[in-house]
Amino acid sequence: MVYNEIETASRAEVTALQSKRLRETVEHVYENVPWYREQFEELGITPEDIETIDDITKLPFTTKEDIRDNYPMDLFAVDRSELRRIHASSGTTGKPKIVGYTEDDLGVWREAMARSLKAGGVEPGMMVQNAYGYGLFTGGLGFHDGIQELGASVIPTGGGNTARQLDMLQDLESDVLCCTPSYCLYLAEEAEERGIDLSELPLSRVVIGAEPFTDPMREEIEEALGVSAVDVYGLSEVIGPGVSIECTEAQDGLHIWEDHFYPEVLDPETGEPVGEGEEGELVITSLTKQALPMIRYRTGDMTRLNYDTCECGRTMVRMDNITGRADDLIIVRGVNVYPSQIEEVMLDMEDVAPYYRIDLYRKGNLDTMELTVEYHEDYEGTHAELEAQIENRLKDVLDVKPDEIEVVGPGVIERTEVGKVKRVFDHREE
Ligand code: DLL
């Protein structure tokens, strides 16, 4: 059972809707956002050039820099009196990206989130503990509204306050927990310390997102909490959480609600489409947003698209889990390193806990990479033995060797209780 019939619509029906909505969106930005009008004029196009969804490739891209250059609200397409809510992206550098919503936008978001939760296995009447941060971050309120829209009950714990979270999970017998994957692991660890076995609780599923995680990390979460974990994706610039989610039936890719968010996958270097099913940068155009429409937004997230109908019956295209971002890449002495490569190794090793950090320094003209890893509390060997094992395993996946690997005891690496986990600390420009 789907939340909205559109989820199983035929390709022809979806395409017709996308074409109509793209025309409306293009007219809307052309009329109301001087910056977009300028971009269109530079390319020599007007809204009349856009007839079907396939004409989307004629349109200009929008980048993170464009949003920053138009700080705070120059890309907004409605008068500020039409706005009903503001959020901001959790940028790590510089000013945040400010995003805004009209009443209709909030309606679209609520519905997309309710659809997502339903696809992820949440049912009306369930108790849903929402441990995403409330505030400018879109996670807290985005989930909150969607949970209520679905007809489930929200427990708005927000991020952090772990003792309280654990009490609520036990006392209110929450059916579902929504939080980042790193916080899920942290909760599991704290529960164990307090002698609580989370896998014994009624909790049956977690809805994790807002940051990348690997398959071994998901397995670790599922085992520690005794749940099934579904991946939810989204970004503030496009709406917030609820752009796509894994269905509980197949758990094989995240269905993108493409009647609202049109996806393309492009080569990040050339901006040209990659072949079907190949990996590239996800680029999204909003098809229904009023306050802050986005034309061909370069998300920086790397994925693949799969247009096959899913075993759950939904026809909406699926994207792969995002394990890296185009700008995630770290370059050490000229060699490419993706933190997810290191993470996979760490999580695959029984003697290692799922906590690590990478510190990059520049000594003279030379980059150095230091890796700090926690050993698992049951580990009985020496630090040196484990360091050698880690070095050996990393050799197979990395083209550059960490200059130092340090193994530390349980609990030494700082945990992220609120917001997104940070694993790479680049001190080279300091
Ligand atoms: O993180 C929205 C969100 C909240 C999604 C709660 C899911 C759950 P931003 O703060 O704008 O919005 O960050 C968006 O986070 O471009 C990705 O790089 C990353 N991201 C979001 N979801 C996932 C995911 C929210 N499921 C940025 N897997 C995006 C991997 C994710 N990365």
Side-chain angles (χ1 to χ4, degrees), residues 62-64 67-68 86-101 109 112-113 116-117 119-120 122 128-147 156 158-159 176-184 206-215 217-218 221 229-246 251 253-257 261 263 268 281-284 286 292 294 297-304 318-329 338-340 343 416 418-424:
T62 311
T63 65
K64 290 185 197 311
I67 297 185
R68 288 221 173 85
I86 293 290
H87 279 288
S89 77
S90 42
T92 45
T93 49
K95 290 231 168 80
K97 296 179 224 74
I98 305 294
V99 301
Y101 306 78
W109 191 13
M113 262 317 296
S116 301
L117 291 163
V122 183
V128 185
Q129 187 159 328
N130 181 18
Y132 284 108
Y134 280 68
L136 284 173
F137 176 50
T138 52
L141 284 169
F143 269 81
H144 187 99
D145 285 352
I147 294 164
V176 183
L177 171 67
C178 307
C179 65
T180 61
S182 52
Y183 190 55
C184 242
V206 295
V207 185
I208 49 177
E211 62 188 18
F213 58 92
T214 51
D215 284 342
M217 186 159 167
R218 184 202 305 246
I221 290 171
V230 294
D231 185 2
V232 62
Y233 169 83
L235 64 168
S236 324
E237 301 89 305
V238 168
I239 203 146
V243 171
S244 64
I245 191 159
E246 280 171 348
Q251 286 215 344
L254 292 79
H255 291 280
I256 304 178
W257 306 129
F261 317 113
E281 180 181 353
L282 180 66
V283 173
I284 301 181
S286 71
L292 181 61
M294 276 289 140
Y297 183 63
R298 305 283 299 249
T299 67
D301 296 320
M302 302 294 285
T303 192
R304 293 183 181 81
R318 281 170 286 163
M319 60 184 242
D320 269 8
N321 307 82
I322 307 270
T323 50
R325 298 179 41 80
D327 52 10
D328 228 12
L329 169 75
Y338 284 98
S340 56
E343 176 158 321
T416 309
V418 181
K420 307 187 188 212
V421 71
K422 185 166 158 61
R423 301 204 198 274
V424 180

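Hydrogens, waters and symmetry mates play no part in the numbers below; they use all other heavy atoms, side chains included. Both counts, for ligands and for their atoms, begin at 1 and track the order of listing.
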Yes or no on side chain to side chain donor-acceptor pair (under 3.5 Å) for S116 and W257, after CA distance, side-chain angles and deciding distance? CA-CA 9 Å; S116 301; W257 306 129; 2.9 Å; yes
Going by the atom numbers of ligand 1, which of them fall below 4.0 Å from some non-hydrogen atom of [X]?
{"X": "T138", "answer": "2 (C), 12 (O)"}
{"X": "I322", "answer": "28 (N), 30 (C)"}
{"X": "F137", "answer": "1 (O), 4 (C), 10 (O), 25 (C)"}
{"X": "Y132", "answer": "6 (C), 8 (C)"}
{"X": "E237", "answer": "11 (O)"}
{"X": "G209", "answer": "7 (C), 8 (C), 26 (N)"}

Taking C-beta and beyond as the side chain, do R298 and K64 meet within less than 4.5 Å on heavy atoms?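 Side chain of R298 against side chain of K64, heavy atoms only: no contact under 4.5 Å found.
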Hey, does V128 have a side-chain heavy atom less than 4.5 Å from the side chain of V122?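 They are in side-chain contact.
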From [atom], work out which of [options] has a heavy atom at the shortest distance.
{"atom": "atom 11 (O) of ligand 1", "options": "S236, S89, P241", "answer": "S236"}
{"atom": "atom 5 (C) of ligand 1", "options": "G234, G419, G242, P181", "answer": "G234"}
{"atom": "atom 16 (O) of ligand 1", "options": "T303, L235, D301", "answer": "D301"}

Does either side chain, that of Y233 or that of N321, offer a donor lying less than 3.5 Å from an acceptor on the other one?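 Their side chains do not contain a donor-acceptor pair, so the 3.5 Å distance test is not met.
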Does a side chain donor of either Q251 or D231 reach within less than 3.5 Å of an acceptor in the other side chain?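 No donor-acceptor contact under 3.5 Å links the two side chains.
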Pairs of nitrogen or oxygen atoms closer than 3.5 Å, one from A210 and one from ligand 1: do any exist?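 Checking ligand 1 against A210, an N or O pair does fall under 3.5 Å apart.
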Tell me whether V232 has any N or O atom under 3.5 angstrom from an N or O of ligand 1.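 In this structure, V232 places an N or O atom under 3.5 Å from an N or O of ligand 1.
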Step by step, would you call E237 with S89 a side chain to side chain donor-acceptor pair (under 3.5 Å)? CA-CA 7 Å; E237 301 89 305; S89 77; 5.2 Å; no
Could you label the plane-to-plane angle of the Y101 and W109 rings as parallel, tilted or perpendicular, counting under 30° as parallel and over 60° as perpendicular?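 Geometry flag for W109 against Y101: parallel rings.
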Is the centre of the H144 ring less than 6.0 Å from the centre of the Y134 ring?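 Yes, they do, as the ring centres are separated by less than 6.0 Å.
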